[in-house]
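Order of listing sets the numbers, starting from 1, for every ligand and every atom in it.
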Amino acid sequence: MRIAIVGGGYVGLVTGACFAKIGHTVNIIEIDAKKAATINAGRAPIYEQGLDAILKKYVGERLNAGIDYAPVADADLSFICVGTPPAADGSADLSMVAAASRSIGEALRDGERPHTVVVKSTVPPGTTAGTVVPAVLEHAGRDDIGFAMNPEFLREGRAVEDFLHPDRIVIGSRDGRSGDTVAAAYQGLAAPVVRCGLTAAEMIKYASNALLATKISFSNEVGNVCKRLGIDVYEVMEGVGMDHRVSPHFLAAGAGFGGSCFPKDVAALVSLAESLGEEPTLLRSVLDVNDRQPLRMVGLLEERIGDLWGKRVAVLGLAFKDNTDDIRESRAIPVIAELLRRGAAVAAYDPLAAAPMRRVFPGIDYAASAADALRGADACLVMTEWPEFSDLNGAFDLMKSRVIIEGRRILTCDGKEGICW
Ligand code: UDX
C-alpha cells in the first residue's frame, strides 16, 4: 500500500518506519525540514532502539520524508500522528490535529484515488468525528473519503518491538470499508484486531493508559503501607499479580510514573470527565498519589541524614525510565527541585538524559559516571531503573556516608532501602 504519515515525531517515525519494514511505501510529512533531512539521511532524530537500522535499510527505497503534503493525494491511507500536548487546563491541545486535517483535505482535493484518513494521535473521544472528519471534508471538497481511528500503544525504548508485536490492533471506523483498508495495512502482523466505532477506539487508548497508571499508583500506595509494616511490596505484588485477573505487569512500585503519555492522558481524561459533568475521583487520585510519591524520597532522606542544607546528594537516573533519553514528567524533576529548595547540592548522572536535564537544572553538577556522582556524597537517590546501576557495588564505597534510597528497584548492593520497600 501507499501510506502517508503526517508528523515525523516519535509516533509517526516509528509507525512509518515499521510500515516500510513490513512492505509498504511510506512518505513521512514533517514540517520541520531539518528533521525531514535527518530522516532522509537514514538517521532517527530521536533515540529509539532498532529505529536507525530500519531507516538505514529502507530510506530512499520505500521510505521518504518531506515537508510537502503532495504524497497524500497518491496514497491509500494517511495517518495523523501529530502531537496533542496538554493545554493549561489539562485538556488536550488539538491545534496540530486540526491543522493536519485541513492540509490533508487540501492535498486530497485533486486526488481521485479512494483514500482513508486515519487518526493515530492520542485524542479525546469525539475528536475524529467532531474535528478531523469535518475539517478534511471541508477542505477536500469531496465526500468519498474514509475515516478511521487506530491508536498506538508504543512504549518508549521498546516502540519498534511493540509495533511489530502488538497485543492487539484497535481499528475504529465510520464504515466497514475504511476499517478493512486499515486492517489490510497491518497484514502480516500476528495480533487480534478489535473493530469498533471511532469514539470507542479513542476511549480504548485513554482507558488503557489510565488503567496502567492506576495500577502503578495503587502499587505505590500499597507500597507505602508495606514500608510502615516492614514488609516488601514486591513480595506482596508478586502474590497479587499471580491472579490472572490482575496480571503481574505494571505493579512495580517506586517513585511514580512519568513520560509523555500517562500524566498527560490521565489529566486529559480528568478534564474530559469534568467537562461532561462527571466527578473523576479515582483518576484525580491517581495523579495526586503520583505527585506526592517522589517527594517521599526527600522526606525519607531527611529522616536519615537530617537537615539537607549543604549536603551533597547523588541522583542516579534522570530519564523517566530506562532505555530512553526522555525526561518528560520524569520523577527526578520534582525530587531535584525539592533537594535544591532544601539547600542540598546535587550531583546527577544518567547515561543518556543529562543533556536534556541540563536545560531544566543548569546549576547542578552532571557527573561523567555514577562513581563520579557518588564520590564524597552524603546520600544517593536512584530515580531510573538503568541496568548498569545494578553492578555499582564498589562505587558506593566512594560515598561520605552510605545512605542509599531506591526510587526504582534496581540495585544489588547492601545497605540500601527503597522508597516503599
Ligand atoms: C506508555 C504506555 O506503556 C504505552 O502503551 C503508551 O503507548 C505510551 O505510554 P511509556 O510512556 O513509554 O509508554 O512508558 P512505560 O514503559 O509505560 O512507563 C511509564 C512510566 O511508568 C515510567 O515512568 C515507568 O518507570 C513507570 N512504571 C512502569 C512504574 O512505575 N511501574 C511499573 O510497573 C511500570
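- When non-hydrogen atoms are compared, ligand 1 lies under 4.0 Å from neither the backbone nor the side chain of Arg328.
- For Arg331, no heavy-atom contact with ligand 1 is shorter than 4.0 Å.
- For ligand 1, one of its N or O atoms has an N or O atom of Phe153 under 3.5 Å away.
- Of the candidates Ser219, Ser330, Ala252, Cys261, Cys261 brings a heavy atom nearest to atom 8 (C) of ligand 1.
- Backbone and side-chain nitrogen or oxygen atoms of Phe257 are examined, and none is located within less than 3.5 angstrom of a nitrogen or oxygen of ligand 1.
- Protein heavy atom closest to atom 30 (O) of ligand 1, with residue, atom name and distance, is Arg408 NH1, 3.2 Å.
- Regarding atom 12 (O) of ligand 1, its nearest protein heavy-atom neighbour is Glu156 N, 2.6 Å.
- Looking at atom 10 (P) of ligand 1, its nearest protein heavy atom turns out to be Lys321 NZ, 3.7 Å.
- At under 3.5 Å, not a single nitrogen or oxygen of Arg155, backbone or side chain, sits near a nitrogen or oxygen of ligand 1.
- More than 12 non-hydrogen atoms from other residues, nucleotides or ligands lie less than 6.0 angstrom from CZ of Phe153.
- Heavy-atom contacts of Phe262 reach the following atoms of ligand 1: 1 (C), 2 (C), 3 (O), 9 (O), 17 (O), 19 (C) (cutoff under 4.0 Å).
- Contact annotation for Leu251 and ligand 1: only backbone heavy atoms (N, CA, C, O) come within less than 4.0 Å of the ligand.
- With respect to atom 4 (C) of ligand 1, the closest heavy atom belonging to the protein is Leu154 O, 3.5 Å.
- Against a heavy-atom cut-off of under 4.0 Å, Asn209 is close to the following atoms of ligand 1: 2 (C), 6 (C).
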